[in-house]
Amino acid sequence: MSVPEPVRLFFALWPEAELQQALYEAGNKLYQRCGGRRTRRENIHLTLAFLGAVDADQMQCITDVADQIALTAFDILFNRLGWWRRNQVAWAAADETPRPLIDLVKQLQLGLSAEGFKFDERRFQAHVTLLRKANCPQVLIDSPPIVWQARDFVLVRSTLQEDGPHYAIVQRWPLQPTAD
Ligand code: ATP
Ligand code: MG
């Protein structure tokens with residue numbers, strides 16, 4: 001009998017191609033100042049909850065947790081580009097994290113914790129990683145705002161290959177339309 005390999009999974013917001021492009025261009029701007037390694041355009045995303053290696057028999061309880069979520073869609077205004085010295089990551093982020101985004105992360109973490117998944121205690125900081133191993137001359141960089149209209153969230157499978165991680169969307173869950 002063959003034993004299925006564990007898969008590396010995470011929940012994320014996944015931008016449309018146009019938004020990925022806009023964030024990639026912001027990443028290029030950072031790259032000119034900070035160097036490092038750019039996130040590939042098609043890999044650009046916002047991580048909600050990282051699960052790590054998961055056995056095939058855990059899939060059902062993971063998708064059950066996501067099935068329970070009933071939150072409204074929201075917009076995020078990415079109006080900051082910056083750099084964390086501690087992990088050499090340069091990123092795009094929002095001054096204000098929308099309430100439904102905080103709730104989405106909280107509900108995923110609560111539901112998944114009940115299934116035995118562990119999350120670190122650090123406060124969730126919504127960000128899109130644009131550079132790794134970057135060394136920026138300043139911590140914040142001006143940039144025109146980018147609006148992300150989040151209408152769904154996804155479960156993603158990551159495979160680490162020679163040329164870096166490859167991501168594939170496993171399943172998508174819609175957020176509820178807003179009244180207006
Ligand atoms: P690489 O590890 O090759 O640099 P990556 O970090 O983009 O690539 P993964 O390690 O598969 O790819 O991670 C997928 C997503 O989950 C990324 O957004 C990553 O930042 C995030 N992530 C990875 N490990 C953790 C962790 N321990 N805690 C929180 N988020 C994580
Ligand atoms: Mg990683």
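One-based numbering, in listed order, for ligands and for the atoms of each.
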query = Can you check whether His166 reaches Glu42 side chain to side chain, under 4.5 Å on heavy atoms?
reply = no
task = Flag the pair Trp83 / Leu131 as yes when at least one side-chain heavy-atom distance between them is below 4.5 Å, and no otherwise.
result = no
Evaluate [X] for polar contact with ligand 1, using N/O atom pairs at a separation under 3.5 Å.
X: Tyr167; answer: yes
X: Asp120; answer: no
X: Thr47; answer: yes

Taking only heavy atoms of [X] into account, list the atoms of ligand 1 that are under 4.0 Å away from them.
X: Arg8; answer: 9 (P), 10 (O), 11 (O)
X: Leu160; answer: 3 (O)
X: Ser158; answer: 9 (P), 11 (O)
X: His45; answer: 15 (C), 17 (C), 18 (O)

query = Do Asn43 side-chain atoms and Pro165 backbone N/O form a donor-acceptor pair below 3.5 Å?
reply = yes
message = Treating Asn87 as the side-chain partner and Val89 as the backbone partner, does any N or O pair qualify as donor plus acceptor under 3.5 Å?
response = yes
query = What about the rings of Phe10 and Tyr167, do their centers lie closer together than 6.0 Å?
reply =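 Distance test on ring centres: under 6.0 Å, yes.
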message = Angle between ring planes, His127 versus Trp84, binned at 30° and 60°: parallel, tilted or perpendicular?
response =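 Taking Trp84 first and then His127, their aromatic rings stand perpendicular (interplane angle over 60°).
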